[in-house]
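Since the structure comes first, as structure tokens, the remarks are kept for the end.
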Amino acid sequence: MQQDPDVIARTAEELVGDLNPQQGEAVQYQGPALLIGAGAGSGKTRVLTRRIAWILSQFGAWPSQILAITFTNKAAAEMRERLATLIGPVAQRMWVSTFHSACVRILRRDGQSIGLKSGFSIYDSADSERLIKIIATEFNLDVKRYTPRSILGKISDLKNNLTGWQEYLAVHAPDFTPGQRGYQFGHAGDLEAIHAVLYAEYEHRLGLANAVDFDDLIGRTVELLRKDPQVADYYHHRFRYILVDEYQDTNHAQYVLVRELAGVDARESADATPGGNGRFAGKTGPAWITVVGDSDQSIYAFRGADIRNIQDFEQDFPNAKTIMLEQNYRSTQTILDAANAVITNNEGRKPKKLWTAMGKGEPIVGYAADNAQQEAVWVAGEIARLHAEEGIAYSDMAIMYRANAQSRSLEEALINGGEPYQLVGGTKFYERREVKDALAYLQALVNPDDDVNLRRILNVPKRGLGDRAEAILLAYAREHGASFFYALMHVDEIQDMPTRTANQLRAFRDLMASLSQFTRAHDAKPSEVVAEVLDKSGLRADLEKSVDPQDASRLENLSQLQSTAAEFEQKTPDATLAGFLETTALVADSDQLPDEGEDSGKVTLMTLHTAKGLEYPVVFLTGMEQGTFPHSRAMEDISELSEERRLAYVGITRAKRRLYVTRAAVRSQWGQASDMMPSQFLDEIPDELIDWKRREAGVERMRGAWGRDEFDDDFGGWDDDFSSGATFGGSGSSYGSSYGSSYGSGSRYGSSYGSGSSSYGSGSRYGGSSRSGSGSYGGSSYGSGSNGRSYGSGSGSRSYGSSGSRYGSGSGSSYGSGRLGSGSSYGGTRGGKVTTRRVAPKSGGSSAQPVSSLDKDNQLNIADFSIGDKVTHDKFGLGTVVDLQDKGRNSVITVDFGSAGTKRLMLRVAPIEKL
DNA sequence: GTACAGCATGGGACT
DNA sequence: CATGCTGTAC
């Protein structure tokens with residue numbers, strides 16, 4: 001047998017000897033289609049890598065015949081690494097990538113046949129929005145009424161379902177031709193016609209600009225495979241084994257892509273090979289497909305993921321086999337019990353029985369804070385305690401939340417506690433203004449057709465070229481049916497231009513021409529091109545001469561961009577500028593996490609979405625409130641609420657040994673404080689699993705007391721709670737002052753750190769600057785961390801001492817006298833007779849109404865409705881009732897809103913009105 | 001053409 | 001609360 005010399009041969013025993021029976025079966029299975037139902041923590045990555053090794057060593061496949069798709073680049077890198085230890089260096093050459101990267105690779109190679117030129121641009125959603133806005137403005141659409149965002153959302157939906165613009169246009173606006181000028185919409189408000197026209201025109205412009213958006217990467221690859229039999233044939237023969245991870249999060253387009261790549265619908269039929277020793281298994285006919293997923297962890301429906309892909313797998317792929325992995329190797333029984341109890345509340349799911357051999361473990365710890373700041377301080381204090389008293393490494397702890405905006409107060413508390421942390425996500429490095437500007441230059445140089453990017457930089461940095469100049473160039477380009485770049489290069493031929501404008505335009509043309517030349521000469525050295533662009537464009541000089549402290553950090557980001565380019569060209573053998581730009585377009589938040597095994601020495605903060613696929617010994621789930629989590633916009637719709645619940649399931653199952661759930665009674669969002677009810681997911685966790693350190697916030701006890709006229713009754717600790725709550729806004733306490741000083745420094749503080757992918761390591765820098773030094777830390781201690789590097793010293797050695805004194809030492813600190821101090825005051829559960837459910841807002845009081853709660857009630861009664869009734873909904877408009885489910889308080893009403901779709905709404909909270 | 005103030009508006013998770 | 005847009009003064 002000819003076998004790749006780089007492949008380390010592995011015996012069957014080595015590959016499956018240490019697996020459980022189901023895992024072993026999944027690794028060895030021979031057949032065209034395999035679904036591995038992998039519950040959380042059931043060792044799916046292990047099974048996937050072993051299976052690949054099995055296919056190579058036992059089926060005798062070549063590494064080049066395997067395509068492994070993961071969800072993020074980070075997951076791909078990790079899988080590749082694990083493969084390398086299993087089968088050797090050949091893993092570096094295998095196709096292990098995300099859907100998007102794989103598609104880019106295919107389109108770069110073969111995209112010509114569907115009209116893509118090499119060097120095509122990949123638009124991120126901001127670019128796409130810009131383009132939509134340009135188009136909408138040209139059509140005189142009211143951008144307020146038809147937001148680019150919503151239009152783009154519709155286009156994205158259509159693309160995810162592989163509905164082409166031709167098809168959509170033919171139905172909704174057949175009289176429009178893309179590229180046509182001055183089109184008038186029939187009657188205003190015909191949403192579908194507007195969508196159809198904008199979709200068509202948007203695609204037209206993308207084509208002219210030689211650009212694709214995120215969704216196109218998938219959709220156009222499908223198009224390519226369908227339109228070009230030669231290309232399809234090439235990939236059918238090339239990939240004999242396709243493995244897809246996180247299959248529950250694939251959308252329809254991705255599903256079709258897998259089918260097309262595998263050639264499932266191609267005519268060629270398979271030889272009946274299975275059996276024997278497996279040699280030649282899967283070598284003819286459609287490629288063999290292995291998908292791995294867990295429908296309970298489907299959390300991307302909002303992005304078009306279709307849970308039916310995994311549910312219908314057995315019908316979709318003939319002779320499909322399903323293997324369930326149900327033994328969990330990650331978490332304690334307590335944690336699994338909680339997760340199971342929560343997810344059981346979702347309707348229409350297949351029951352699953354995850355189990356573990358690990359034993360009960362510690363109870364889940366619960367804490368109800370008065371407000372978000374106090375919640376954060378408590379979490380930070382608990383982390384410090386775990387670190388000091390139990391020797392748990394910071395890097396073994398993670399704090400998770402529903403939305404990025406919640407990271408603020410948590411960061412604040414960690415900084416004050418001197419605890420090292422890294423924040424994942426938020427505004428991405430490559431989305432920052434100055435970085436996007438620099439990238440726009442590079443993109444325009446690589447792809448001269450890219451009007452969107454060229455127009456972006458026409459007047460960046462300011463060079464006196466405004467709307468007028470842009471319009472003049474645009475007119476010339478139109479007239480000649482050419483690109484903006486072409487017009488710029490021919491600026492000398494344009495008549496009747498103000499001298500000043502002409503001079504500026506010529507200067508800009510010379511700049512771009514010379515940069516273009518430089519780019520061609522140094523294409524293999526992206527870092528040099530970046531340096532040249534930053535230098536000659538004036539981007540760097542412009543920031544250097546600025547006195548705005550924000551610009552210092554911008555400058556640093558630009559130099560970071562240059563380093564990233566240098567790094568890229570070092571680790572990429574055949575580096576090109578286009579290749580570099582690709583990597584910047586496709587990075588994910590999770591890609592910046594440190595590699596497995598690499599101890600960052602820092603607590604990790606991230607959203608629940610980002611946390612998918614990760615695990616930590618200690619996990620804090622924060623913001624467990626109605627309206628925060630589940631998110632307010634998801635609460636009224638049953639399917640969205642189910643997705644939130646799956647997200648809760650994902651969050652809970654990230655924890656290996658200890659889980660904390662915390663909430664705040666008051667949370668300020670958009671500058672408005674609101675009373676928050678406990679999350680319904682907390683109520684779904686059996687009470688005996690949770691050890692509440694504080695079950696009810698002080699303010700809630702007060703509210704409850706007033707409401708019941710029991711003001712003076714015995715609520716042990718009421719006084720403490722009240723005073724600590726009251727001190728927050730005040731000035732006296734140590735907490736109040738340190739918080740006030742750094743937070744209060746306002747814009748500088750917020751701007752330098754609210755953004756993004758940063759990691760704050762050095763305790764000393766922060767510790768020292770908390771009061772007087774706020775001016776000095778605008779940008780200097782901030783690092784982008786986009787490539788997983790960590791900045792700052794990160795030792796955190798002194799941090800505990802300081803946090804200890806801040807929280808622990810009683811005097812002066814009205815805060816934490818006892819509660820947050822040392823473990824001694826922790827023990828007893830307080831206010832045990834109080835349940836979360838009972839906390840009801842006092843009606844008619846002066847305090848703010850709860851934005852959302854279990855008790856919210858719009859007084860609608862299921863009995864008043866019958867099928868066929870007309871209703872109006874605040875968001876979806878007019879609809880017809882098509883189904884009713886009487887479940888008492890939780891009654892559900894199903895309404896057909898026409899073009900807005902059919903929705904299942906929880907009657908009690910739905911903003912509807914009966915007509 | 002630019003700079004800045006004042007106002008309106010959005011507001012979620014991510015490739 | 002942050003950002004983006006509009007209007008005004010330079």
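Sequence lines set the chain letters: A, B, ... in the order given, protein chains first and strands last, and positions in each chain run from 1.
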Scanning both residues in full, the closest heavy-atom pair of Ser128(A) with Leu152(A) reads CB-CD2, 3.5 Å
Measure across Pro630(A) and Ser679(A) and return the closest heavy-atom pair with its distance rounded to 0.1 Å.
CD-OG, 3.6 Å
By nearest nucleotide on DNA chain B, pick out whichever of His631(A) and Asp215(A) is the more 5' one.
His631(A)
DNA chain B: Asp467(A) or Ala634(A), which has the more 5' nearest nucleotide?
Asp467(A)
Under a 4.0 Å N-O cut-off, is there an ion pair linking [X] with [Y]?
X	Y	result
Asp675(A)	Arg667(A)	no
Asp249(A)	Arg303(A)	no
Glu246(A)	Lys44(A)	yes
Glu78(A)	Lys74(A)	yes
Asp542(A)	Lys462(A)	no
Asp142(A)	Lys144(A)	no
Glu203(A)	Arg220(A)	no

Give a yes-or-no answer on whether the side chains of Gln422(A) and Thr604(A) include a donor-acceptor pair shorter than 3.5 Å.
yes
Could you give the [atom1]-to-[atom2] distance, from [X] to [N], as a whole number of Å?
X	N	atom1	atom2	result
Tyr430(A)	dT15(B)	OH	P	14 Å
Arg149(A)	dG4(C)	CZ	P	12 Å
Arg130(A)	dG4(C)	CZ	C1'	13 Å
Asn404(A)	dG11(B)	CG	P	14 Å
Arg303(A)	dT15(B)	CZ	P	6 Å
Asn73(A)	dC14(B)	CG	C1'	13 Å
Arg645(A)	dG12(B)	CZ	P	22 Å
Glu431(A)	dA2(C)	CD	C1'	16 Å

Tell me whether the OP1 or OP2 atom of dC14(B) has a side-chain N or O from Thr610(A) closer than 4.0 Å.
yes
Does a side-chain N or O from Thr607(A) land closer than 4.0 Å to OP1 or OP2 of dC14(B), or not?
yes
Sub-4.0 Å heavy-atom contacts from residues 292-302 of chain A onto DNA chain B, ordered by number:
Tyr300(A), Phe302(A)
Does Phe71(A) have its ring centroid less than 6.0 Å away from the ring centroid of Tyr300(A)?
yes
Tell me if the aromatic rings of Phe302(A) and His609(A) count as close, with their centers under 6.0 Å from one another.
yes
Sticking with atom C1', work out how far dA13(B) lies from dG4(C), rounded to a whole angstrom.
23 Å
Answer yes or no: side-chain N or O of Glu644(A) and base N or O of dG12(B) forming a donor-acceptor pair under 3.5 Å.
yes
[X], nearest nucleotide to its side chain (from [options]):
X	options	answer
Arg633(A)	dT15(B), dG11(B), dC14(B)	dG11(B)
Ser125(A)	dG1(B), dT15(B), dG12(B)	dT15(B)
His609(A)	dC14(B), dG12(B), dG1(B)	dC14(B)

Considering every strand and a 4.0 Å limit on heavy-atom distances, what is the contact class for Ala585(A): base, sugar-phosphate, or nothing?
nothing
Checking salt bridge (Lys or Arg N to Asp or Glu O under 4.0 Å) for the pair Arg455(A)/Glu470(A): CA distance, chi angles, key distance, verdict?
CA-CA 7 Å; Arg455(A) 283 166 74 173; Glu470(A) 188 176 343; 2.7 Å; yes
What pairs of nitrogen or oxygen atoms, one from the protein and one from nucleotides 7-9 of chain B, lie under 3.5 Å apart?
none

Restricting to nitrogen or oxygen on both sides, can you table the protein-nucleotides 2-5 of chain B pairs closer than 3.5 Å?
| from | atom 1 | to | atom 2 | distance (Å) |
| --- | --- | --- | --- | --- |
| dT2(B) | OP1 | Gly464(A) | N | 3.1 |
| dT2(B) | OP2 | Asn459(A) | ND2 | 3.3 |

